[in-house]
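What follows is a set of notes on a single structure, which appears directly below.
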Protein chains: 4
Amino acid sequence: MSKPREEKYQAILDAATTAFAEYGYFSCQVSKIAKLAGIADGTIYLYFKNKEDILVSLFTERMGQFIKEIRQATGKYETTQERLLCIIRTHLRYMQENRSLAIVTQIELRQSNPEIREAISGPLREYFHLIEQVLAEGVKKDEIILADIKVARQMFFGTLDAMISDWVTSKKPRSLEESEDVVFDLVRGAFKINNLT
Amino acid sequence: MSKPREEKYQAILDAATTAFAEYGYFSCQVSKIAKLAGIADGTIYLYFKNKEDILVSLFTERMGQFIKEIRQATGKYETTQERLLCIIRTHLRYMQENRSLAIVTQIELRQSNPEIREAISGPLREYFHLIEQVLAEGVKKDEIILADIKVARQMFFGTLDAMISDWVTSKKPRSLEESEDVVFDLVRGAFKINNLT
Amino acid sequence: MSKPREEKYQAILDAATTAFAEYGYFSCQVSKIAKLAGIADGTIYLYFKNKEDILVSLFTERMGQFIKEIRQATGKYETTQERLLCIIRTHLRYMQENRSLAIVTQIELRQSNPEIREAISGPLREYFHLIEQVLAEGVKKDEIILADIKVARQMFFGTLDAMISDWVTSKKPRSLEESEDVVFDLVRGAFKINNLT
Amino acid sequence: MSKPREEKYQAILDAATTAFAEYGYFSCQVSKIAKLAGIADGTIYLYFKNKEDILVSLFTERMGQFIKEIRQATGKYETTQERLLCIIRTHLRYMQENRSLAIVTQIELRQSNPEIREAISGPLREYFHLIEQVLAEGVKKDEIILADIKVARQMFFGTLDAMISDWVTSKKPRSLEESEDVVFDLVRGAFKINNLT
DNA sequence: TATGAATGAGCGTTCATTCAT
DNA sequence: TATGAATGAACGCTCATTCAT
């Protein structure tokens, strides 16, 4: 019987995402997650080693899926221009549709607690790597001009991240989709994307 | 004699900055700050209402000074190009010289805990406002071309923030100064800064 | 199963009564109550909101039962004379059998701390009311003669209270029961109880 | 220079009486007493060994004076009837004019903390002794009839104590003086005071 | 598996007391 | 004497985790 187990595992992760998003990791009690998941406190420990494990699993699972989705979507496009626009769209839309995850990402991504940060950094680095791959290939194909891939990635990711940070913080945020083209336009300028394409 | 009082106040804030940077706000006990400041636990409460007040004061004081410094530095320049470069340089250098503050900023800036976030948001919004002012004026003077001031600010700040985030996280970071020109170049492209200037 | 919960609730109240009696409310740590009840400190907070809640519950429960008992016992008698003797006996005997409760009553009944006093005053006022009812009816039925019901109640209760206070304070107290008739005799004189009855 | 020392000593005792009355012994910080006395916290410790010493001194001094006053007043009268009325009047009036002292007496008289209670009990026992002397002499002179001096004293003191307790607790208390005659009348009945006298 | 009552380590904060000035 | 900043022991309460059922 692995299916019901998987289901409850995901239910806990869902509950944790919501709860962490609302209260923050430290201010959120395990009992709150349990209540939200509709199970007893103790049951959580049949699925996760401890509170930290919930957070780490949450990142691994959800960020992993996020990156997988972005990678798949990006794979459909050939040009760097299209790929970057695809990442922008997928990133913003995914976060918009998973607001709690977006919040948790914003909050806990930079946890100082070394153990937590280490566990979390994996998926994030993978995402950074994906972006940098796209950029590197674009440079190689002369579709963009960059003096420093890493800094370019920092700009690219940092922009999206700041947008989500604002959106998440804002009480009545306007849709992120509206800004997709604006961002892309800025990126085109920054990366000197060949307009002929 | 208000001098010694002020000195101890700052000493506690310094200790808190270091301690929060190392452990994170929640994982850092008040006693750790006290020990680091070389005072007794109780003494902290002669200067701060509670633990949260330390964090909030830290932001108000240190971020306030950071913004003040940036504002002063920026004021010396006329063109938008120069101003933006000035912000980039001041921001990166300030954070580089105040690594712990940079870390705390990264960590706690996005606290989910509503009270803390609210208290912190003031200085940050002020900084956002400053950047947007520079951008708006640049647009007005036709020195840059922007479809959306807010998104441009998000890109500008987000880029610097991501750079610092990487730098802070990295075990052996290369100097942020090296990247100043690279970032500026990207920004010039993004904001279509008139190359004639 | 609500039984074991009720049992532990009472056990904590018992422990608290003993501990408060020995050390006084403020000088008695919650951990002492827990140890006396044979449970962990934290368990206390599964049954009571906080330390004050223990004290208040103690009064509500125990004093409530004390008053209930007195009311029941008194209800069996018709004449004021019999009723007053009944109160005297029940009061003294109850306290004699619940020495710790008697002490706590003596100690905390007059707490200056306004919140505590307010919470405690309920049951006490109820008792005062009961006594005054008996007295008022006695006056109505011409079984006693009183110029002022309230002052009479103060004398009646004050006397019993002072007796218990002495008994509680005394290192080798003589039994309270011995004094029952003596008190009653004084009361008869004071209230001019009709000897014909 | 012993005069200013004595003055400040009394000032602290006055402040303590007021402060203890308002907050209760445990809930009243030494700093509150100091502020009320218009001196620095540390100064208190030039006059008193510690907080407890303040309370004990307060009782010794103030209760001592109270008893002295009662003893003097009582000494002026010959008959037991007059003497008892004199005690009633002096007791009630003294407490009415020293409301804070009355409150502190009510509150702390029955402190469970053994050390405090022991220190306090002295003056109180002296007062009990005084009352019992009057009663014993009255019995000897056939002016009153009592089966048990101690219980009679308990009634006498308990009544006054309960009256003050009510008066102290009440938000808008009626004057205690109004009740003097009523109490005396009750006492006359209880003690079978010979009306011929 | 699931429960949820029980645990007890851990921490923020208070405040009586001290001591350098 | 007087000050009041500094001290640090002490304690109420929380909550992640366990375990008997």
Side-chain angles (χ1 to χ4, degrees), chain A residues 1 4-5 8-9 12 25-35 37-54, chain B residues 1-2 4-5 8-9 12 26-35 37-54, chain C residues 1-2 4-5 8-9 12 25-35 37-54, chain D residues 1 4-5 8-9 25-35 37-54:
Chain A
M1 265 195 291
R5 179 170 176 85
K8 198 163 282 188
Y9 177 87
I12 295 172
Y25 176 72
F26 284 102
S27 300
C28 170
Q29 301 93 312
V30 171
S31 61
K32 254 175 196 154
I33 300 173
K35 181 175 280 180
I39 58 174
D41 293 19
T43 308
I44 296 220
Y45 291 86
L46 299 174
Y47 294 84
F48 297 91
K49 197 156 54 69
N50 51 33
K51 190 183 176 185
E52 191 182 312
D53 186 30
I54 303 175
Chain B
M1 258 192 289
S2 182
R5 180 171 174 82
K8 198 161 284 188
Y9 178 86
I12 295 172
F26 285 102
S27 301
C28 169
Q29 302 93 308
V30 171
S31 60
K32 255 175 196 154
I33 300 174
K35 182 173 281 181
I39 57 175
D41 293 19
T43 308
I44 298 252
Y45 293 86
L46 297 176
Y47 295 84
F48 298 92
K49 196 154 55 64
N50 51 33
K51 190 184 176 187
E52 191 182 315
D53 187 31
I54 303 176
Chain C
M1 258 191 295
S2 182
R5 180 172 174 83
K8 197 162 284 186
Y9 177 87
I12 295 172
Y25 175 72
F26 285 102
S27 301
C28 169
Q29 300 93 310
V30 171
S31 61
K32 255 175 196 155
I33 300 174
K35 182 172 281 180
I39 57 174
D41 292 19
T43 308
I44 298 253
Y45 293 88
L46 296 176
Y47 294 84
F48 298 91
K49 198 155 55 63
N50 50 34
K51 189 184 176 187
E52 191 183 314
D53 187 31
I54 303 176
Chain D
M1 264 193 293
R5 179 170 176 86
K8 197 163 283 189
Y9 177 86
Y25 175 73
F26 284 102
S27 300
C28 170
Q29 300 93 311
V30 171
S31 62
K32 252 175 197 155
I33 300 173
K35 181 174 279 180
I39 57 174
D41 293 20
T43 308
I44 296 223
Y45 291 86
L46 298 174
Y47 294 83
F48 298 92
K49 196 155 56 69
N50 50 33
K51 190 183 176 185
E52 191 182 314
D53 186 32
I54 302 175

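Scope of the values below: all heavy atoms of this structure, side chains included, with no hydrogens, waters or symmetry mates. Every chain is numbered from 1 and lettered A, B, ... according to where its sequence line falls, protein lines coming before strand lines.
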Going by the rule ring-ring contact (aromatic ring centres under 6.0 Å, His included), which residues pair with D:Y47 if we only count those two or more places apart in sequence or in a different chain?
none
Within residues 43-54 of chain D: residues closer than 4.0 Å to DNA chain E (heavy atoms)
D:Y45, D:N50, D:K51
Nucleotide F:dA5, atom P - distance to OH of B:Y9 in whole Å:
16 Å
From NZ of A:K32 over to C1' of F:dA16, roughly how many Å is that when rounded to an integer?
14 Å
If you only use heavy atoms from C-beta on, which nucleotide in E:dG12, F:dT7, F:dT3 is closest to the side chain of B:Q29?
E:dG12
Note: D:R5 and D:L46 closest approach over all heavy atoms is NH2-O, 3.2 Å
Closer to the 5' end of DNA chain F via nearest nucleotide, is it A:C28 or D:I39?
D:I39
To the nearest angstrom, the CZ-C1' distance between D:F26 and F:dG12 comes to 16 Å
E:dT1 C1' sits how many Å from A:D41 CG, rounded?
16 Å
Dot-bracket encoding of pairs in DNA chain F, which uses [ ] for pseudoknotted crossings and | for another strand, Watson-Crick or G-U under 3.5 angstrom
.||||||||||||||||||||
Under 4.0 Å between a side-chain N/O of C:K8 and OP1 or OP2 of E:dA6, yes or no?
yes
For D:K32, all residues meeting side-chain hydrogen bond (donor to acceptor under 3.5 Å, both in side chains), sequence neighbours excluded
D:Q29
Contact summary for B:C28 and B:I33, nearest pair of heavy atoms:
SG-CG1, 3.8 Å
Protein-nucleotide distance (C:K35, atom NZ; E:dT7, atom C1'), rounded to Å:
15 Å
Which is more 5' along DNA chain F, the nucleotide nearest A:V30 or the one nearest C:S31? Just name the residue.
C:S31
Short side-chain to backbone donor-acceptor contact, B:K8 and B:A37, under 3.5 Å:
no
Check ring-ring contact (aromatic ring centres under 6.0 Å, His included) between A:F48 and all other residues, then give those that pass, not counting sequence neighbours.
A:Y9
To the nearest Å, give me how far apart CD1 (D:I33) and C1' (F:dG4) are.
17 Å
Applying side-chain hydrogen bond (donor to acceptor under 3.5 Å, both in side chains), can you list everything that pairs with A:D53, at least two apart in sequence or on another chain?
A:S57
Does E:dT1 have OP1 or OP2 under 4.0 Å away from a side-chain N or O of A:R5?
yes
Pairing residues for D:E52 by the side-chain hydrogen bond (donor to acceptor under 3.5 Å, both in side chains) criterion, not counting sequence neighbours:
none
When you match A:G42 and C:A40 each to their closest nucleotide on DNA chain E, which lands nearer the 5' end?
A:G42
Return the minimal non-hydrogen interatomic distance between C:I44 and C:I12, and the atom names on each side.
CD1-CG2, 3.9 Å
